[in-house]
Asks: 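Handing you a structure now.
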Amino acid sequence: MKRRDFIISSALTISGSVLLTGCGKKDIKKSENQVVRRKFADIDTPLISLGCMRLPMRDGKIDMVELDKMVEYAMAHGANYFDTAYMYVDGKSENAIGEILKKYPRESFYLADKCPAYLVNSKEDSRKLFEEQLKKCQVKYFDNYMVHNINKNSLSNYRDNDMYGELLKLKQEGKIKHLGFSFHGDPQMLREVINEHKWDFCQLQINYLDWEVVNADELYKIAEEANVPVIVMEPLRGGVLCNLPEKAAEQLQKDCPNDTQASFGLRWVASKPRVFTILSGMSNFEQLKENVDTFVNYKEMTKQEVEVAHKIASIIQSQGAIACTACKYCLEVCPRGINIPAIFGLYNVYKGSNQASKAFMFVYNYNALEESSKADKCIECNLCNKNCPQNLEIPKLLKEVHTEVKKVEKEMG
Amino acid sequence: MKNLYKIRAAVSAVVFFLALLGIAGIFYPVKIFDVQFAPLIQRVFADFSIAAITLLLGLILITLLFGRFYCSVICPFGILQEIAALIFKNNKNKFTPSYPVKYFISAAVFGILAGGSAIALRYIEPYTYFGSSFTFAILGIAASVTVLAIVFFKNRFFCTNICPVGVILGLLSKISLNKIYIDKSNCVSCGMCERNCQSSCINSKEKSIDNETCVKCMKCLGVCPKNAVKYGQKPKEDIKFSIKRRQVIISAAAIALFGGMVKTGMILKDKAVQKIKEIILPPGAGSVEEFSNKCFNCNLCVANCPDKVLVKADKNFPTVHLDYSSNHYCDKNCNKCSQVCPTGAIKRLSSEEKQKTRIGMAMIDKEKCSKCGLCSFSCPYGAITKADGEFPVLDASKCVGCGKCKSQCPSEAINVFAVKKQTKI
């Protein structure tokens with residue numbers, strides 16, 4: 001081959017491949033119906049976002065086809081904020097969302113990730129984890145980055161290893177656009193943490209149940225005083241507020257016939273002006289479509305509707321349910337493999353049901369669980385307590401559930 | 001050429017001696033059992049480590065170059081059979097191999113292995129027979145006695161007609177570079193080689209040798225009065241790889257069928273194992289389901305456990321497991337079981353990794369505790385603390401479940417519970 005031919009053909013090959021990779025990026029088919037957005041300083045995000053903790057699953061693996069479809073729909077409607085974390089879906093969430101988002105131009109989406117405070121045992125760990133996360137997500141920077149899950153157990157990790165300082169350095173390097181933290185603790189602690197440093201935002205658990213019966217209202221007020229914008233997580237309390245107990249569901253149906261349980265919960269959260277985005281973990285396309293549509297045709301909450309939320313919250317509270325959001329953080333540490341969220345879920349359904357068969361169904365479903373994952377296998381090592389963002393005393397509650405099962409079984413004979 | 005038999009026999013003797021010492025747990029620096037064929041395949045499936053793949057490819061390459069040497073040099077059970085045959089001094093060793101049957105057996109057991117379960121191999125594989133019989137496990141002894149009885153009547157009938165490993169090696173041997181052949185010009189058809197052949201693969205009338213069943217013991221080379229039996233590249237003959245199409249189809253179907261059935265849980269989903277969860281496994285074993293499907297029960301780890309905490313399969317559990325009941329515990333600095341396991345059922349862990357692997361979880365029963373504090377002194381992981389006059393407190397995040405505290409406790413107040421899945425702490 002002549003030298004000229006060689007040069008020409010190689011130049012053509014190179015330019016061709018460059019062009020091809022350039023074309024590889026997916027075009028976003030913008031729909032006319034865009035979700036409402038909120039703006040705080042230089043943060044401009046859609047009001048509803050896809051949280052990647054409860055991704056669609058198929059046969060124990062993340063269903064990438066479904067997720068791809070969901071992301072495409074979300075992007076088309078302007079819901080371009082995605083929130084993942086190191087420990088979501090057994091650590092596979094980051095890879096999955098990274099794999100899907102790499103088809104889109106980096107500027108077209110916001111990606112938020114979090115540094116697991118409970119894994120940071122030295123100063124260097126923050127950066128090490130961060131680099132690993134960048135790789136897993138296949139990006140060069142994160143738009144929002146958080147210290148994950150500051151609570152009474154991880155607070156010392158966060159403080160002793162100067163996580164803020166380490167992450168601030170990363171922010172100065174341009175690898176983090178906005179720095180925040182996600183929080184699961186009491187108001188007193190939030191006041192300390194939020195005023196300790198200058199934060200761009202914070203992520204709190206806010207929904208009408210926590211607002212009415214726990215302390216979300218106080219947390220929100222503290223963020224307001226500190227002038228820090230808020231991202232909301234668990235807006236439906238891990239599905240509790242879209243699987244309402246029958247009595248509460250009837251109430252909602254009567255008072256707000258136009259709302260679904262999910263849209264009611266989300267709109268309630270959106271009525272708080274300091275909230276700039278709401279993260280909802282969506283496990284299939286239908287859920288995503290419903291949520292996105294809620295915010296495409298967004299209607300502000302009325303005073304009457306806020307009253308309804310108040311009523312529903314008190315109904316739920318009166319049922320004596322366990323405040324588990326099924327985040328499954330406990331499963332990661334339970335050495336005995338007890339299916340804690342499933343057990344609590346069954347218990348809550350039992351408590352919230354009016355049907356005559358509820359006791360039978362409760363015992364039946366409970367006994368259908370794998371023998372080794374039942375409540376009485378707990379050896380009270382208390383590892384789960386340290387990981388529970390809701391600060392539940394899990395071993396004690398497991399014991400309660402087990403006594404209840406035995407009691408019901410006895411009554412039924 | 002005549003010396004080849006003597007050299008081969010000497011090497012086999014050394015290997016067998018080392019294997020005996022290894023399985024007795026006396027002396028095991030040369031890891032002979034790491035190159036056992038079936039465990040090695042299992043190990044490749046289990047950890048896919050470079051070491052395992054290299055060893056497996058090495059074995060295959062050696063067989064492709066030199067033929068089925070493995071059965072008379074590396075396989076301790078093969079050598080054992082040869083020794084037995086020497087003792088029996090039998091000449092009643094004529095038999096004709098039945099190819100379709102052994103192909104089917106091999107396809108089935110390796111299909112099941114590919115489907116994720118070593119349970120079938122556990123009962124038919126020569127290395128397991130060797131290991132379990134020399135560690136005096138009942139099943140192993142029974143199997144070995146049976147095979148040795150076969151040797152008495154039919155010599156190496158097991159190796160050539162049943163052994164699933166032999167089938168694979170035999171097929172490789174069929175196309176190997178070096179073969180044993182009869183130099184027809186020198187041969188006088190005296191039949192010495194045929195009478196002395198262990199695996200009945202020589203036809204002295206037709207002056208032909210079946211290299212598929214030949215285990216390359218080299219005895220024929222030694223006994224031939226005319227030096228007509230030769231080892232090397234067979235001259236002037238096409239290499240024929242003639243397996244009947246029907247056999248290929250049946251074998252492939254058997255692999256797919258059995259592999260699929262195991263994979264989908266139609267067979268060998270050990271119901272007993274599903275129920276037994278309170279079993280503590282050696283560090284690196286993963287979970288009960290994983291381990292019970294991978295372990296061959298060769299008991300090499302049991303023999304090599306310095307603390308005698310590893311025990312053989314018993315009525316509690318179908319494979320080896322840990323037993324804390326008689327004050328044995330798993331030493332912090334020992335990772336021997338994970339180093340010797342040839343099947344990869346116990347993952348190779350460094351000492352450090354082992355110390356961070358949680359195999360169980362201790363629990364202190366306050367009703368029985370006498371507050372003596374021995375547990376807090378003995379815990380090598382610093383997981384138990386005790387203030388004066390108080391009950392000892394266990395830091396569950398540090399406990400790996402080694403059982404030392406349980407072995408020290410005078411009032412039997414400590415229980416070690418099994419974990420569902422071994423995790424890093």
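Quick note on labels: first sequence line is chain A, next is B, and so on, each numbered from 1.
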Asks: Restricting to non-hydrogen atoms, name the atom on A/V333 and the atom on B/R358 that form the minimum distance, rounded to 0.1 Å.
Replies: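 Scanning both residues, the minimum pair turns out to be O-NH1, 4.5 Å.
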Asks: If you round to the nearest 0.5 Å, how far is SG of A/C334 from NZ of B/K420?
Replies: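 If I round to the nearest 0.5 Å, the distance is 9.0 Å.
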Asks: What part of B/D395 is in contact with chain A, defined as an atom under 4.5 angstrom from a non-hydrogen atom: side chain, backbone, both or neither?
Replies: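 The side chain, not the backbone.
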Asks: Is chain A contacted by the side chain of B/S397, its backbone, both, or neither, given a heavy-atom distance below 4.5 Å?
Replies: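 Both parts, heavy atoms under 4.5 Å.
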Asks: Do other residues, nucleotides or ligands put more than 12 heavy atoms under 6.0 Å from the NZ atom of A/K351?
Replies: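 Yes.
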Asks: Give me the atom names and distance for the closest heavy-atom approach of B/A396 to A/L383.
Replies: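 Of all heavy-atom pairs spanning B/A396 and A/L383, the closest is CB-CG, 3.7 Å.
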Asks: To the nearest 0.5 Å, what is the distance between CD (B/E278) and CZ (A/R336)?
Replies: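 That separation rounds to 4.0 Å.
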Asks: Look at atom NZ of B/K312 and say whether more than 12 heavy atoms of other residues, nucleotides or ligands are closer to it than 6.0 Å.
Replies: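 Yes - once you tally the heavy atoms of other residues, nucleotides and ligands closer than 6.0 Å, there are more than 12.
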Asks: Counting neighbours of NZ on B/K371 that are heavy atoms of other residues, nucleotides or ligands and sit closer than 6.0 Å, is the number greater than 12?
Replies: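 Correct, the count exceeds 12.
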Asks: Might you confirm whether atom NZ of B/K308 has over 12 heavy atoms from other residues, nucleotides or ligands at distances under 6.0 Å?
Replies: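 Enclosed: over 12 neighbouring heavy atoms sit under 6.0 Å from NZ of B/K308.
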Asks: Go through the atoms of B/M363 and report whether side chain, backbone, both or neither lie under 4.5 Å from a heavy atom of chain A.
Replies: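 Interface part for B/M363: side chain.
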Asks: Counting only heavy atoms not in A/D160, do more than 12 fall under 6.0 Å of its CG?
Replies: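 Enclosed.
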Asks: Can you tell me if NZ on A/K328 sees more than 12 non-hydrogen neighbours from other groups inside 6.0 Å?
Replies: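 No, because the 6.0 Å sphere around NZ of A/K328 holds 12 heavy atoms or fewer from other groups.
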